[in-house]
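What follows is a single structure, written as structure tokens, with notes after it.
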Amino acid sequence: MKKKSFLNRYSLLFIAVTFLTLGSCQDDFTDRPSEDGISLDSYYSTNDQVASATNGMYSRTWFQMYNKFWWALEVGSGNMYSGSPDVSGLRTFSLNGSDPELVNGWSSLWANVQQSNMIINFLSARVGPAVSQNVLDNTIGEAYFMRATAYFDLVRLWGPVPIIENPLDYTSNPYVNTNPVADVYKLITADYLRAITLLAGKNRGANYANNGHVSKGSARAMLAKVYLYQKDYANAKAMAETVIESGEFKLLGGEQLPGKSFADLFTYANNNNEESIFAIQWKGDGNYGSANNSNTQFGFQDGTLSTSNASYAGVFGPSQEVLLSLYGSGDLRKHETVMVPGAVYPTIKTTQGIGLTVPTGKDLAQASGGAIKKYCIGVVNGNVTGQADGWAMMDNNTYVMRYAELLLIHAEAVLAGGASTSDAGALRSINAVRKRAGLADLTSITFDDIFLERRKELCFEGDYWFDLGRIDKNKAIAIMSAQNRGDRYGERHYTPIYSEDHATNDFYMDYPDNEVAKNPKLLQAPVPYTFK
């Protein structure tokens with residue numbers, strides 16, 4: 001993407017200071033009600049009070065990122081198709097800094113950075129003597145995890161961004177430079193390492209209610225991914241193997257949990273299952289922005305799979321490539337990833353009753369000829385789906401990372417940039433994912449094998465855009481230029497435009513225009529960060 005400007009930071013810093021004064025997010029920043037915020041004006045006298053301080057950071061603070069903007073990235077990658085004007089800019093590679101969904105994603109990430117900073121910097125001074133040190137440590141560890149995760153998204157999307165560890169450092173001067181990508185990754189790494197030290201360990205079992213919050217293993221898994229992005233293969237391999245050997249996470253439908261399957265991953269009843277490393281914990285409260293909107297956005301345009309706000313249904317559909325050719329014969333993931341005409345889902349409830357046979361010859365979603373199945377769970381159906389709020393949003397989790405991806409990270413880290421490998425550990429990891437999908441074992445693997453497996457396994461989960469940004473620029477351009485980015489009525493091709501001010505490969509976005517106008521200093525070259 002062409003990068004015409006740097007950051008959105010004057011308002012960010014102003015509002016960061018406002019957090020400390022008022023104890024809540026402001027509507028002009030997060031576009032959400034004030035109950036989003038974390039108030040540290042209170043005195044925390046019990047363990048339960050301290051443990052609950054991060055609850056909001058598992059849901060609503062992420063909504064504007066992991067809603068339309070996140071799926072717009074899937075449109076950009078070529079996995080999804082949409083002609084809707086509010087989310088289709090990346091289909092034609094024409095997204096710019098005036099795009100409202102881009103602004104929403106940006107604001108959401110900085111809300112998480114600043115709320116994490118509040119806990120990291122100020123919670124310890126506001127707890128009473130009855131609070132356990134272990135509980136306090138775990139809560140602060142969660143904040144380090146959330147800050148690292150928000151910065152990981154920020155650096156992958158916008159490149160150089162300001163590092164803000166304590167908003168009080170900028171009260172007298174809200175104009176701040178960006179910092180180099182290498183420094184941002186240094187902060188992310190340090191935050192995950194700190195989280196590993198502070199967080200409690202877990203062994204995720206069948207009591208899913210205990211699995212919602214992150215653990216040492218969650219931080220290690222995310223850090224393995226961060227190392228992989230920096231091509232630090234040795235540390236990525238070591239961290240991934242630590243997670244694998246711990247036994248904390250398991251594949252649903254894998255050898256350890258043979259009674260379940262890939263299909264079970266995306267159901268309400270399996271929120272916080274053994275494969276979930278970090279997931280957004282949606283909880284509808286009647287307000288827009290509190291739960292998972294995918295059931296409506298991925299459903300049929302006629303509202304068959306959504307009982308209210310049908311006018312918003314089917315905003316996204318599968319791309320022609322995913323619908324028609326991504327999954328080979330026998331790949332069990334296809335049925336649970338895309339809905340093709342004639343496919344049968346006997347347990348899903350529609351507005352007509354239990355059971356769905358996907359119609360033929362109809363424009364189900366965005367004239368794609370099909371629809372997206374992942375995260376689309378049907379209308380309210382008791383314990384099968386949970387309840388829906390007035391916006392038809394559901395409480396099924398959205399994955400940020402799950403164990404199958406960690407196994408693929410391990411295989412890629414073992415390959416370490418080489419031409420191919422027959423390493424037993426790497427093969428064991430990738431073949432575990434393939435076996436669950438009903439595919440034969442591989443006896444050697446290349447990067448292209450892993451790259452394709454990642455796309456099939458994680459399709460519609462937000463990773464393919466970033467995977468394309470990790471490979472050789474010319475190869476990425478060739479892949480994306482060859483994609484059929486139209487609907488079933490017309491094949492269309494577009495060539496991505498890369499940043500003109502970066503020599504290396506990137507998929508960086510423009511920063512929000514209104515914020516750049518407020519702070520011209522942000523157009524300057526990144527300045528090395530002085531770590532505390």
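On a predicted model such as this, the values are computed, not experimentally measured, just so you know.
With values rounded to the nearest 0.5 angstrom, Asn210 atom CG is found 4.0 Å from Asn207 atom CG. Asp285 CG to Ser59 OG: the interatomic distance, rounded to the nearest 0.5 Å, is 8.5 Å. Separating the CG atom in Asn55 from the CZ atom in Arg60 is a distance of 13.5 Å, to the nearest 0.5 Å. With rounding to the nearest 0.5 Å, the separation of CG in Asp302 from OG1 in Thr351 is 7.0 Å. Remark: Ser52 OG to His213 NE2 distance equals 9.0 Å, nearest 0.5 Å. To the nearest 0.5 angstrom, Thr139 atom OG1 is 10.0 Å from Leu198 atom CG.
A donor-acceptor pair under 3.5 Å is absent between the side-chain atoms of Asn396 and the main chain of Tyr268, judged by distance alone. Checked by atom type and distance alone, the side chain of Ser84 never pairs as donor or acceptor with a backbone atom of Val315 at under 3.5 Å. Put simply, the side chain of Asp264 never gets that close to the backbone of Lys260: no donor and acceptor are under 3.5 Å apart. Distance alone, capped at 3.5 Å, places no donor-acceptor pair between the Glu336 side chain and the Lys334 backbone. Looking at Asn79, its side chain never comes within 3.5 Å of a backbone N or O of Cys459 through a donor-acceptor pair. At distances below 3.5 Å, not a single donor-acceptor pair connects side-chain atoms of Gln115 with backbone N or O atoms of Met57. Between the side chain of Ser218 and the main chain of Ile277, a donor-acceptor pair closer than 3.5 Å is present. Panel note: side chain Gln301, backbone Gln366; a donor-acceptor pair is recorded below 3.5 Å. No donor-acceptor distance shorter than 3.5 angstrom exists from the side chain of Asn138 to the backbone of Ala51, with no hydrogens or angles considered. Listed for the Thr296 side chain is no donor-acceptor partner under 3.5 Å among the backbone atoms of Asn293.
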Checklist entry - Can you check side-chain contact (heavy atoms from CB on, under 4.5 Å) on Met393 and Asn292, steps first, answer last? => result CA-CA 5 Å; Met393 295 183 180; Asn292 189 335; 5.9 Å; no
Next on the checklist: Checking Val322 against Val338 for the side-chain contact (heavy atoms from CB on, under 4.5 Å) test, could you report, in this order, the C-alpha distance in whole Å, the side-chain angles of both residues, the deciding distance, and whether it holds?
Outcome noted: CA-CA 8 Å; Val322 169; Val338 290; 3.7 Å; yes
Next on the checklist: What verdict does the side-chain contact (heavy atoms from CB on, under 4.5 Å) test give for Val344 and Leu356, after you've listed the backbone C-alpha separation in whole Å, the side-chain angles of each residue and the deciding distance to 0.1 Å?
Outcome noted: CA-CA 6 Å; Val344 178; Leu356 169 67; over 6 Å; no
Checklist entry - Where do Lys250 and Glu275 land on the salt bridge (Lys or Arg N to Asp or Glu O under 4.0 Å) test, with the steps shown first? => result CA-CA 5 Å; Lys250 305 163 188 69; Glu275 188 167 332; over 6 Å; no
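Each salt bridge (charged side-chain N to carboxylate O under 4.0 Å, His left out) pair with one or both residues in residues 192-217, not counting sequence neighbours, appears once here: Arg204-Glu248. Among residue pairs with one or both ends in residues 85-99, those qualifying as salt bridge (charged side-chain N to carboxylate O under 4.0 Å, His left out) are Lys68-Asp86; sequence neighbours excluded.
The closest side-chain donor-acceptor pair between Glu142 and Tyr58 falls under 3.5 angstrom. A donor atom on one side chain and an acceptor atom on the other are found under 3.5 Å apart for Thr267 and Asn270. Neither side chain, Asp48 nor Thr46, offers a donor N or O lying under 3.5 Å from an acceptor on the other. Donor-acceptor pairing under 3.5 Å is lacking for the side chains of Ser290 and Trp282. Judged purely by distance below 3.5 Å, without hydrogens or angles, the side chains of Tyr192 and Thr149 pair a donor atom with an acceptor atom. Side-chain polar atoms of Ser132 and Asn134 form no donor-acceptor pair below 3.5 angstrom. For the residue pair Arg147 / Asn112, no side-chain donor-acceptor distance below 3.5 Å is found, with atom types taken as modelled. For the residue pair Tyr66 and Asp153, a side-chain donor N or O sits within less than 3.5 Å of a side-chain acceptor on the partner. No donor-acceptor contact under 3.5 angstrom links the side chains of Gln297 and Tyr375, judged on distance only. A side-chain N or O of Asn272 and one of Asn397 form a donor-acceptor pair less than 3.5 Å apart.
Considering only heavy atoms from C-beta on, Leu199 comes within 4.5 Å of Val214 through its side chain. In this structure, the side chains of Arg488 and Ser368 stay at 4.5 Å or more apart for every pair of heavy atoms. Leu123 is not listed as a side-chain neighbour of Met118, based on a closest heavy-atom distance of 4.5 Å or more. Side-chain atoms of Val380 and Gln387, non-hydrogen and from C-beta on, do get closer than 4.5 Å to each other. Considering only heavy atoms from C-beta on, Ile140 comes within 4.5 Å of Ser124 through its side chain. Considering only heavy atoms from C-beta on, Phe298 comes within 4.5 Å of Met80 through its side chain. Using a 4.5 Å heavy-atom threshold, the side chains of Leu364 and Val358 count as touching. Looking at Glu453 and Leu458, their side chains never come closer than 4.5 Å, going by heavy atoms from C-beta outward.
Here the two rings, on Phe466 and Tyr229, have centers that are 6.0 Å apart or farther. Aromatic ring centroids of Tyr399 and Phe278 lie 6.0 Å or more apart. Aromatic pair His335/Tyr345: centroids less than 6.0 angstrom apart. In this structure, the ring of Phe460 has its center no less than 6.0 angstrom from the ring center of Phe316.
Of all the heavy atoms in Gly105 and Phe69, the pair that sits closest is CA-CD2, 3.7 Å. For the pair Val113 and Ala150, the tightest heavy-atom approach, listed with the atom from each and the gap, is CG2-CB, 3.8 Å. What you find for Ala130 and Ser45 is that their closest heavy atoms are CB-O, 3.7 Å. Nearest heavy-atom pair, Glu405 versus Val400, reported as atom, atom and distance to 0.1 Å: OE1-O, 4.4 Å. Heavy-atom minimum distance, Thr61 versus Ser108: O-OG, 2.6 Å. Between Ala388 and Met394, the closest heavy-atom pair is CB-SD, 3.4 Å.
A cation-pi geometry, defined here as NZ or CZ lying under 6.0 Å from the six-membered ring centre and within 45° of its normal, does not hold between Arg156 and Phe507. Cation-pi geometry between Arg436 and Phe262 is not met at under 6.0 angstrom from the ring centre and within 45 degrees of the axis.
Using a 4.0 Å cut-off between charged side-chain N and carboxylate O, Asp463 and Arg455 make no salt bridge. Residues Arg485 and Glu321 are not paired through a salt bridge, judged by the lack of any N-O separation under 4.0 Å between the basic side chain and the carboxylate. For Glu461 and Lys374, the salt-bridge test passes: some basic side-chain N is under 4.0 Å from an acidic carboxylate O.
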